[in-house]
Amino acid sequence: MKILITGGAGYIGSHTIIEILENTNWEVIAVDNYSNSSEKTYRRIEKITGKKINYYNIDLTNLSLTEKVFYENKDIIGIIHFAAFKSVPESVEKPLLYYHNNLNSLINILKCQAKYNIPNLIFSSSCSVYGNLDELPVTENTPLNTPESPYAYTKQIGEKIVDDFIKINPTLKAISLRYFNPVGAHKSGLNGEVPIARPNNLVPYITQTAIGKLEQLTVFGGDYATNDGTCIRDYVHVCDIAAAHVQALQKLISDKNFPKHSIINLGTGVGVSVLEAIHAFEKVSNQKLNYFIGNRRDGDVAAIYANNDLAKKMLGWTPKYDIDEMMNSAWLWEQNLNKKQ
Ligand code: UD1
């Protein structure tokens, strides 16, 4: 059984490929254009799993190139569509880049899904679709607020596109997974996030500061209405996220009664402030981090964390790792990455 993974060389895509190769007999076809990743990721996957994967270097905003993958692999039974730009601040600066890339690639994937009658799709969505909320934790029924960034809009619109599309295609099914904040690395320390430029996300920024690649971490805002004034997020281990994708696809493949399109939160249900995340890192790495409290960042919401009951109920998914294990694996990976350079 072939599974197409778009964004396969990326952070969540690569961990999901590892999870698939280690736990299923599915064959993986990966697609990426290395806009925020590199082909080297596949060597790391092969080293961890001992298995080879087939991959294409393709920009999914190009329909004819996208279609080539489907034409050459007519027996694909599921698509996991990760490929997207994902930086909140960059999307605020370059909205057209985000709308163009994230929406056109999704539309092209759906066109091919319909044309080649691929029954199952998993779409990477994000908790950012909820916008700023008064009531926490968020359930999937929480009405969506105005997104805080163009990135978040692409995910909100993306879910709607998937929904409208699945409705009119009787043989197709989808699950949209709303990730909270995926962090951490594979337990081997051999695969993790590789920010191409200066990282935007908190955890790679922390580990790069600790190793000395970056001088100092700025905590974006210390005056939010939270316990310690810093933003609260639901950090979730990337390997837990990867496992959820496998479970979701297994459900779609095996459970004929599974709904046409489900939208499911993937978070631990635990809110962690930026300062608490820093302190967890300091504890597991046994060193002090150089940081200061600076201004707020555009596009940030104050606090968000998940109610994950639906993921438990529908997918049988329970996250295994806590913030210490997330920081520990991220730190191991950063140290290994540094050794090789
Ligand atoms: C956002 C989205 C998330 C998406 C992710 C993709 C929201 C609520 N979440 O995560 O769904 O998957 O982008 O990239 O929009 N921070 C600092 N200093 C730094 C970097 C970050 O203080 O140098 C703080 C941020 O202000 C934030 C927290 O750390 O409070 C996490 O930030 P980040 O890792 O960038 O992720 P989000 O923006 O929460």
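The first residue in the sequence is number 1, and the count goes up from there. Heavy atoms only: backbone and side chains are in, while hydrogens, waters and symmetry mates are out. Read the numbers this way: they start at 1 and go in the same order the structure lists the ligands and their atoms. Just so it is clear, the structure is predicted and the values come from calculations on it, not from any experiment.
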Quiz item: Any N or O on V301 sitting closer than 3.5 Å to an N or O of ligand 1?
Solution: no
Self-check item: V219 neighbourhood, listing ligand 1 atoms whose heavy-atom distance to it stays under 4.0 Å
Solution: 22 (O)
Quiz item: Who gets closest to atom 4 (C) of ligand 1 by heavy atom: Y224, Y179, Y151?
Solution: Y151
Self-check item: Over all atoms of both residues, closest heavy-atom pair of D240 and Y321
Solution: OD2-N, 3.1 Å
Quiz item: Mind checking whether E334 and K213 have side chains closer than 4.5 Å, heavy atoms only?
Solution: yes
Quiz prompt | Cation over ring face, R233 and Y305, 6.0 Å, 45° | solution = no
Practice problem: Using a 4.0 Å heavy-atom cut-off, say whether Y11 meets ligand 1 through its side chain, its backbone, both or neither. | Solution: neither
Self-check item: Polar proximity ligand 1 side, R233 side, N/O cut 3.5 Å exclusive
Solution: yes
Practice problem: Run the contact test for C127 against ligand 1 with a 4.0 Å cut-off on heavy atoms, strictly below, and give the result. | Solution: yes
Practice problem: Grab the two heavy atoms, one from N120 and one from L249, that are nearest each other, plus how far apart they are. | Solution: CB-CD1, 3.9 Å
Quiz item: Which word best sums up how the rings of Y153 and Y99 line up, parallel for under 30°, tilted for 30 to 60°, or perpendicular for over 60°?
Solution: tilted
Practice problem: Consider every N or O of D300 and every N or O of ligand 1, then say whether any pair is closer than 3.5 Å. | Solution: yes
Quiz item: Are there more than 12 heavy atoms of other residues, nucleotides or ligands under 6.0 Å from atom NZ of K2?
Solution: yes
Quiz item: Quick check, are the ring centers of F82 and H15 under 6.0 angstrom apart?
Solution: no
Quiz item: Which residue and non-hydrogen atom of the protein lie closest to atom 29 (O) of ligand 1, and at what distance in Å?
Solution: L202 CB, 3.5 Å
Practice problem: Using a 4.0 Å heavy-atom threshold (strictly under), name the region of R297 that reaches ligand 1: side chain, backbone, both or neither. | Solution: side chain
